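To start, the structure under review is shown below, and the notes come after it.
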Amino acid sequence: MLVLTRRELLGMLGHHVSSVSSAEEALELLGKSAFDVLLTDIGLSGMSGEDLAALSRVEPPLLEIIYSTGLPPSDAHANSAHRYLTKPYTMAQLEHALQVETLDVG
């Protein structure tokens, strides 16, 4: 239910969204289509979101990454070039992270 809601809200913000249920499915989709931004949870079952991001950035153009996590922010997150959204996050926070990342891509 949350995936559908998030997908619908991102669509209302003007973004084209593809969603999958696992990191492995995400890698397969990333290999078939071009994307600007990857929004992934860090704590995925199986392959972690960080491992997914590392594998998805192997070939140019580099994919921008936004991580979501239920864990409190750490110093590593504060010093990272990636965006981190701590759950629960607001749509305004998500929209801001997406705006920043898509500006960095262009």
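By convention here, the first residue in the shown sequence is residue 1. Only heavy atoms go into these numbers, but all of them, side chains included; no hydrogens, no water, no symmetry mates. This structure is a prediction, so every number in the text was calculated from the model and none was measured.
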Taken to the nearest 0.5 Å, the spacing of Glu64 CD from Arg83 CZ works out to 8.5 Å

Return the CD1 to CG distance between Ile65 and Leu39, rounded to the nearest 0.5 Å.
9.5 Å

Are the side chains of Val37 and His15 in contact, using a 4.5 Å heavy-atom criterion?
no

For Glu28, what residues pass the side-chain contact (heavy atoms from CB on, under 4.5 Å) criterion, not counting sequence neighbours?
Lys32

Kindly write out the residues that satisfy side-chain hydrogen bond (donor to acceptor under 3.5 Å, both in side chains) with Gln93, not counting sequence neighbours, or none if the list is empty.
Thr90

Which heavy atom of Leu85 sits nearest to which heavy atom of Ala97, and what is that distance?
CD2-CB, 4.3 Å

Atom pair CG (Leu29) and CD (Glu24), whose distance is rounded to the nearest 0.5 Å:
13.5 Å

With a 4.5 Å cut-off on side-chain heavy atoms, are Leu52 and Leu38 touching?
yes

Looking at Ser18, is its backbone amide N or carbonyl O close enough to the side chain of Arg7 to form a donor-acceptor pair, meaning the two atoms are under 3.5 Å apart?
no

Nearest-0.5 Å distance that lies between atom CZ in Phe35 and atom CG in Leu63:
9.0 Å

Taking the side chain as every heavy atom from C-beta outward, state whether Tyr67 and Thr40 have any pair of such atoms under 4.5 Å apart.
yes

Donor-acceptor list for residues 41-48 side chains, cut-off 3.5 Å, not counting sequence neighbours:
{"unit_1": "Asp41", "atom_1": "OD1", "unit_2": "Gly43", "atom_2": "N", "d": "2.8"}
{"unit_1": "Asp41", "atom_1": "OD2", "unit_2": "Lys87", "atom_2": "NZ", "d": "2.3"}
{"unit_1": "Ser48", "atom_1": "OG", "unit_2": "Glu50", "atom_2": "N", "d": "3.4"}
{"unit_1": "Ser48", "atom_1": "OG", "unit_2": "Asp51", "atom_2": "N", "d": "3.0"}
{"unit_1": "Ser48", "atom_1": "OG", "unit_2": "Asp51", "atom_2": "OD2", "d": "3.4"}

Which value, rounded to the nearest 0.5 Å, describes the distance between Leu55 atom CG and Leu30 atom CG?
10.0 Å

